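Remember, it's a predicted structure, so these values are computed and weren't measured experimentally.
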Amino acid sequence: MAAKHDINKVGVESSDFPILCETCLGPNPYVRMTKQEFGNECKICNRPFTVFRWNPGAGGRYKKTEICNTCAKIKGVCQTCLLDLEYGLPVQVRDAALGRKAQAPTSDINKQYYIQNLEAQMADSPDGTTFDSEVANKAGREMLKGLARSDPYYKRNRPHICSFFVKGECKRGGECPFRHEIPKEGELSKQNMVDRYYGKNDPVAKKMLRESAESKGMKAPEDKSITTLLFLGLPQTTESEVRSALVAYCPFVKPIDLRSITIVDASHCAFINFKQRSLAERSAEALSAQGGIEVGGKKAKVLWGKARPQKGKQPSTSNEASGSEVGIVTKS
Ligand SMILES: [Zn+2]
Ligand SMILES: [Zn+2]
Ligand SMILES: [Zn+2]
């Protein structure tokens, strides 16, 4: 039997049919595709792969696969739009809701090694794909279902916007194959494919996660000096137990990113003080997506901390013993 790690074998990626989401495929079930073996370099692993091209339907632009079959299987994404196949959502949203780690190899050598390892794992797994899926996170899955579209979104297959039209210079008028429209805000259209694949720095995902957290009462406080989250309804616990739970739910958090964890036994709560506001926000969004955090077998509620009352101002009237006190105790 040939070794799975044989570099020559691994370099060959030939497939008969691409892994595509319903939207990219288009409404016609008999869509004709052209297939070009080793037609391009995969945008993720840089290996040559089989490129498919097709027209997804009237008024659509020709689409093609951008990443190889293996890379698509590894993340469970479409080979063309790189969105999650189950929910049609960005990887960053899916991974935040399911508490999954975004593994992004840094160097090219690491990347090759990473892909080969995963290919070997896939060959060993009984269904050939799902080694990356973990125990279902029920709250996270519900959240994803809520965000997912129920129907394919064919508008996404429209031609790109005409860059000449935007500059007021297109002379082709009705003959122009591109869309004559003024693009909406730039931020969301500027997406890096590699980041989207690995689920990081994805502006679309950030927006979705932020809006979802806000809709559940987890709006980040205006005061940017607030970097504290509050876990409420904890059982008897320890600092290290809280820290491990947090890192398990938010794998992007490193223990060194935390300024302090203060447990208030009497109120069954803990204050998690982050060094960076951005990380506190990301954690708040991920925890909100996952419906709270389980510590010591009990699901705790997550809230944003409040600003510490300024000296000289009216003291807070909340009662410490009741557990409603969210003034922040910082040890730095
Ligand atoms: Zn690839
Ligand atoms: Zn797609
Ligand atoms: Zn034009």
How far apart are the C-alpha atoms of Phe178 and Arg61, what are their side-chain angles, what is the distance that settles it, and do they pass the side-chain contact (heavy atoms from CB on, under 4.5 Å) test? CA-CA 9 Å; Phe178 298 100; Arg61 65 173 189 273; over 6 Å; no
Any Lys/Arg nitrogen of [X] or [Y] sitting under 4.0 Å from an Asp/Glu carboxylate oxygen of the other?
X	Y	value
Arg158	Glu181	yes
Glu241	Arg243	no
Lys138	Glu142	no

Taking it one step at a time, do Asn69 and Thr50 satisfy side-chain contact (heavy atoms from CB on, under 4.5 Å)? CA-CA 8 Å; Asn69 212 275; Thr50 308; over 6 Å; no
Say whether [X] and [Y] are linked into one hydrophobic cluster, either directly or through other cluster members, by side-chain heavy-atom distances under 4.5 angstrom.
X	Y	result
Val77	Val194	yes
Leu279	Tyr249	yes
Val247	Ile261	no
Met143	Leu85	no

What orientation do Phe165 and His180 show, parallel under 30°, tilted 30 to 60°, or perpendicular over 60°?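 Because their plane-to-plane angle is under 30°, the rings of Phe165 and His180 count as parallel.
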So Pro177 and Arg172, do their side chains get closer than 4.5 Å, heavy atoms only?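 Heavy-atom side-chain distance check passes, below 4.5 Å.
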Please examine the side chains of Leu144 and Leu98, heavy atoms only from C-beta on, and report whether any two atoms are closer than 4.5 Å.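 They are in side-chain contact.
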Quick one: pull up CE in Met218 and CD in Glu281 and give me the separation to the nearest 0.5 Å. 10.5 Å
Give, for atom CG of Leu82 and atom CD1 of Ile44, the distance between the pair rounded to the nearest 0.5 Å.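 It is 5.5 Å, given to the nearest 0.5 Å.
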Mark yes or no for whether Gln236, through its side chain, and Asp265, through its backbone, hold a donor-acceptor pair below 3.5 Å.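 No; judged by distance alone, with no hydrogens or angles, the pair does not exist.
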Report yes or no: is the cationic atom of Arg94 (NZ for Lys, CZ for Arg) under 6.0 Å from the centre of the six-membered ring of Tyr87, at an angle within 45° of the ring normal? no
Evaluate side-chain contact (heavy atoms from CB on, under 4.5 Å) for Leu20 paired with Thr65, printing each intermediate quantity in order. CA-CA 8 Å; Leu20 295 173; Thr65 49; 4.2 Å; yes
Do you know the tightest heavy-atom contact between [X] and [Y]?
X	Y	answer
Tyr197	Cys71	OH-O, 2.6 Å
Ala96	Gln290	O-NE2, 3.0 Å
Cys24	Arg156	SG-NH2, 3.6 Å

